[in-house]
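Encoded as structure tokens, the structure appears first; notes follow it.
All chains are named by letter (A, B, ...) in the order of the sequence lines, taking the proteins before the strands, and each is independently numbered beginning at 1. All values reported here derive from a predicted model rather than from experimental measurement.
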Amino acid sequence: MTANFIAASDLTEKQIQRLLRIAKVFSPWVNRGDSIPLLKGMTIVNLFLENSTRTRTSFELAIRKLEGSALNFAPSVSSLGKGETLIDTAKNIEAMRSHCLIVRHSSAGSPNVLAKALKMPVINAGDGFHEHPTQGLLDAYTIQEKLGAIQGKRVVIVGDIAHSRVARSNIHILKKLGASVAVCGPPTLLPPLPEKLGVDFSYRLEDLLPTADVVIALRIQMERQNKMQIPSLAEYARVWGLNRERAGLLKEEAIILHPGPINRGVEIDPEVADGPRSVILDQVSNGILVRMAVLGEVCAPHRLAQWLEKEGQNV
Amino acid sequence: MTANFIAASDLTEKQIQRLLRIAKVFSPWVNRGDSIPLLKGMTIVNLFLENSTRTRTSFELAIRKLEGSALNFAPSVSSLGKGETLIDTAKNIEAMRSHCLIVRHSSAGSPNVLAKALKMPVINAGDGFHEHPTQGLLDAYTIQEKLGAIQGKRVVIVGDIAHSRVARSNIHILKKLGASVAVCGPPTLLPPLPEKLGVDFSYRLEDLLPTADVVIALRIQMERQNKMQIPSLAEYARVWGLNRERAGLLKEEAIILHPGPINRGVEIDPEVADGPRSVILDQVSNGILVRMAVLGEVCAPHRLAQWLEKEGQNV
Amino acid sequence: MTANFIAASDLTEKQIQRLLRIAKVFSPWVNRGDSIPLLKGMTIVNLFLENSTRTRTSFELAIRKLEGSALNFAPSVSSLGKGETLIDTAKNIEAMRSHCLIVRHSSAGSPNVLAKALKMPVINAGDGFHEHPTQGLLDAYTIQEKLGAIQGKRVVIVGDIAHSRVARSNIHILKKLGASVAVCGPPTLLPPLPEKLGVDFSYRLEDLLPTADVVIALRIQMERQNKMQIPSLAEYARVWGLNRERAGLLKEEAIILHPGPINRGVEIDPEVADGPRSVILDQVSNGILVRMAVLGEVCAPHRLAQWLEKEGQNV
């Protein structure tokens, strides 16, 4: 495990498997409402420079479940508004004896820049179009939990692949775990060279659904509509939306994921989102577990190792 | 006790009396700075979609005093801004293993809609013109504490009755506890059929004050002025404001309440707000106690029952 | 110790020395990640009516390290936006059984007004152009830590002295501890009568640097530029900025402070800010320690005295 957690592309299969196993070990504790004191005495700071209540809250709850002290460093009222550089803000947070920085930023690569400038570890909570590695992990955890394994499974990701850090992290993780991945969407939203990512692609969702074990529907950013990257939300929904008819093309045991927040009637129809294939709320629940695993590995690897040993868990 | 806490109109006299007695039992603990571990291991979420630092803070402190984990899910930066539905937001919060949702919303009925969609209990912290049941409870607690009883007392509520969830919750609770209630205000701000609420009314405050044991002055929403529902703030203050002269019409032991924040010189003059009859700051203190009682009953009824028994308290 | 902590001008040398010694005693505890339970069971409220994430966070961390319950009462969503007076807001906070109010406000004197209106103690976290006494304390702590003593040292403060509460608190504290202080900056930003503050002054930084042990560069408020109090930021940087050339005029052991957030290339050049003389990040770290000392003395003097005795610390 590196000292930071920046990109799924940096992780080995072994590291990913270990994190998923640790998350699974934590699961009964969290379900009982028990906490695990791995971050006791540590201050973990959420520096979210893009709005994301859901991801920030998930990290905050993960920190609390590990008995750490979670601190939200709010961007709108921070010194960044007064002209301070991002690195200076982060160094100030570090000087306050913080033990880890969780950062979300609209610029790809900024967690990496911060990791080089800081002594404390940095966890990437989403950086521009680059990566969102804990989302990739929680999706993998959810697939494994629901289907038993990822090895050999067929995963279809549909939506705005080109601008999606979620898609990027998912592709890295799912391929390392042995899945085959296809991407689908309007030509304007597919990456220029899908083969370089090691994935198939199609513009027609109907061609991919019958063989899929997993469909990940990405969120359509409303603002793409105005930039003419999609003709309209209605047109997108008509051609690439997961409606009942398309869901009917899936194998019986296939599952549907979405990173949220969902646009009902655009990427996914309400009856599909709330239907039996949907594991969207499981993803939210599992997010806390995988973030606990990442926080434990990154901030307190020795305490985590001791705790696992004490619990007789050989991960 | 139902699993939710949505409206004073749903509560029986017995349930109200029990909550008031529980709040009273908590009082010495809280005054000593001691906490009571009824919500230990539980996450309680404040979802406030209308600004209200004071009510939100009161709930947050009540959660802390019960050793729960309070989480503020901030609306302005939430996914609601990204087009997610309120129910989806709430289901996401629930999927994060939360144990209770406290909701404030500008639309009457939204806590009820959420309660139907969620497995976790919902507490209404104010919904549109409908109800604000914990405010009703804390007012009842304050009256009982100051006057010894509510049964047989005469309560006058003055102000914008028509648009006030505070008035509505107060009327339900106070009448169930045996008070007689009158409402007073400009014709444009009185409800269409006061008799249907079981209350008397008058446009002239002077007619009601001499027999009142309690006056509840409601907050005038500044924006009503522009909508021509009141001629002007000065005119309102002149006719319906609680000034020294009008307070002089009250019985010696009569008390004055206000849900806050007060507009000094509008609903109430500074010398009355800060005078001996005013119990406005007691209301604020008592708010924490009744919210603790509600949280205990709604989120942890078994632990509460055990704790009361251990303490030898038969409520 | 008074019940409040409003202004460095009110403090005696003995009181300042005691606070600095207490902060030093706390230091190893905090560095180990241990907390000290002086504020257990107490609620301490941050009421910040001017944005300052960094100072607010420093207080919040200090409260947590003392096991107090920190509550941020957010101004933008508070009742102040609804017309409530500052004193009413503070009295409401007090009625919620809070034990101390930390206030930042754009108006000089407002903490003093609040202190008179409240029973709970008030700590000034910066009020207009008046004072920022905990900043003065943390600067003194940092100088003492780095240079061994303050007595007899020469301190140069450069920048917008006239409008700086930091300069004012620093001058009071450093002079009481036996330093000699000079101020420097454009004529428009120097106070009208520096001699009344007991300090020397010069418009030329080069004249003051060779004899200085400490330079405190103040932050230039960007908005001063438009008000024509400084010709331009570039001109300010050219004449009063701490660049490599000017830093080269300093004695070998001289140190450089800045209250942050820094404007790189304006008050201070990057290579100086990140260079060996800079103790800017030490200031941030020490801020938590001196705020813990102030909180202990103000909110829990008896518990603090007992704790110090138990630890065999004679401060």
For this session: With rounding to the nearest 0.5 Å, note down the distance linking CG in C:N92 to CD1 in B:I262.
Result: 8.0 Å

Problem set entry | Toward chain C, the part of B:V30 with a non-hydrogen atom under 4.5 Å | both

Problem set entry | Value rounded to 0.5 Å, distance of CD1 in B:I288 from OG1 in C:T43 | 7.5 Å

For this session: Using modelled atom types only, decide if a donor and an acceptor are shared between the side chain of C:R97 and the backbone of B:S285 within a distance under 3.5 Å.
Result: yes

Problem set entry | Most contacts with chain B, counted as non-hydrogen pairs under 4.5 angstrom, among C:V45, C:L71, C:I93 | C:L71

Exercise. Tell me, side chain or backbone of B:N31 under 4.5 Å from chain C's heavy atoms, or both, or neither?
Worked result: both

For this session: Supply the atom-to-atom distance B:T57 OG1 to C:F73 CZ, rounded to the nearest 0.5 angstrom.
Result: 4.5 Å

Exercise. Measuring heavy-atom distances to chain C, does B:E60 have an atom under 4.5 Å in its side chain, in its backbone, in both, or in neither?
Worked result: side chain

For this session: Name the region of B:L281, side chain, backbone, both or neither, that has any atom closer than 4.5 Å to a heavy atom of chain C.
Result: both

Exercise. Any salt bridge between C:E84 and B:R54, counting N to O under 4.0 Å?
Worked result: yes

